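Within every chain, numbering begins at 1; the chains are lettered A, B, ... in the order of the sequence lines, protein sequences first and strands thereafter. Computed from a predicted model, the values in this text were never measured in an experiment.
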Amino acid sequence: DAGVIQSPRHEVTEMGQEVTLRCKPISGHDYLFWYRQTMMRGLELLIYFNNNVPIDDSGMPEDRFSAKMPNASFSTLKIQPSEPRDSAVYFCASSFKPGDNYGYTFGSGTRLTVV
Amino acid sequence: AQSVTQLDSHVSVSEGTPVLLRCNYSSSYSPSLFWYVQHPNKGLQLLLKYTSAATLVKGINGFEAEFKKSETSFHLTKPSAHMSDAAEYFCVVSYNKLIFGAGTRLAVHP
């Protein structure tokens, strides 16, 4: 298995532009998670899906952020419009089920820089 | 509520000496606990996990952790540090979602 695949690896964009981050989870995993990592706030859970349905989006910072999972093999995280404070590394992770006996498999992350 | 506290933000050891990274957790339930490692500019890799079986858990690269309910601790140890162990380590508690500690940056000196 190729693991969790994220694209792009790096993204540099200008303030006000729309940014779309992509994630392909491991086949068969029912849960998908989006995390954001910054020096100031560490790793924060933004949103997670179960069977393509958003379960908890309480970590999404504001309305500029949106996430979708149109099918079991693809998810997007969109920021519109982007701001410099959105600069961070965004990780996608997938799992058979949260907690219990399973850890999560993380992608390599997308490093977003908004200038 | 579930939470983890990593007691040291930075730990520095010499190569060949023992490593101890400390973690305390708070959980209303019998927790699932994990340690993840993140090497510079890399993603997160699972080191080991505790899931209410044996209290001493062995992970990859010679790391192990002991679950102590009475102390609500899950400290990570390794008998002999290697230069390649230099990274950031996260203690994680899980309840429907992973909750990360702030991380401990481990430096290993020759």
- Task: Determine, using the 4.5 Å side-chain heavy-atom cutoff (strictly less than), whether B/Y89 and B/F74 are members of one ILVMFWY cluster.
- Result: yes

- Message: Given heavy-atom pairs under 4.5 angstrom as the criterion, report whether the side chain, backbone, both or neither of A/D56 touches chain B.
- Response: side chain

- Note on the structure: Hits for ring-ring contact (aromatic ring centres under 6.0 Å, His included) against A/F49, two or more places apart or cross-chain, chain-then-number order -> none

- Would you give the length of the straight line joining atom CD of A/Q37 to atom CZ of B/F90, rounded to the nearest 0.5 angstrom? 5.0 Å

- Query: How would you list all residue pairs meeting disulfide bond (SG atoms under 2.5 Å apart) that involve residues 77-110 of chain B, not counting sequence neighbours?
  - Reply: B/C23-B/C91

- Task: Enter the distance from B/L98:CG to A/Y48:OH here, rounded to the nearest 0.5 Å.
- Result: 10.5 Å

- Note on the structure: Between the OG atom in A/S108 and the CG atom in B/N41, the distance rounded to the nearest 0.5 Å is 11.5 Å

- Interface moiety of A/R111 toward chain B, non-hydrogen atoms closer than 4.5 Å: side chain

- Query: Between the side chain of A/Y104 and the main-chain N/O of B/L46, is any donor-acceptor distance below 3.5 Å?
  - Reply: no

- Message: For residues B/L76 and B/L56: do they belong to one hydrophobic cluster (side chain heavy atoms under 4.5 Å, members Ile, Leu, Val, Met, Phe, Trp, Tyr)?
- Response: no

- Message: Please say yes or no: joined through hydrophobic side-chain contacts below 4.5 Å, possibly via intermediate residues, are A/L46 and A/I55 part of one cluster?
- Response: no

- Say you draw a straight line from CD of A/E44 to CD1 of B/I99; how long is it, rounded to the nearest 0.5 Å? 13.0 Å

- Item | Whether over 12 other heavy atoms sit under 6.0 Å from A/D63 CG | no

- So how far is it from A/L43 CG to B/Q38 CD, rounded to the nearest 0.5 Å? 6.5 Å

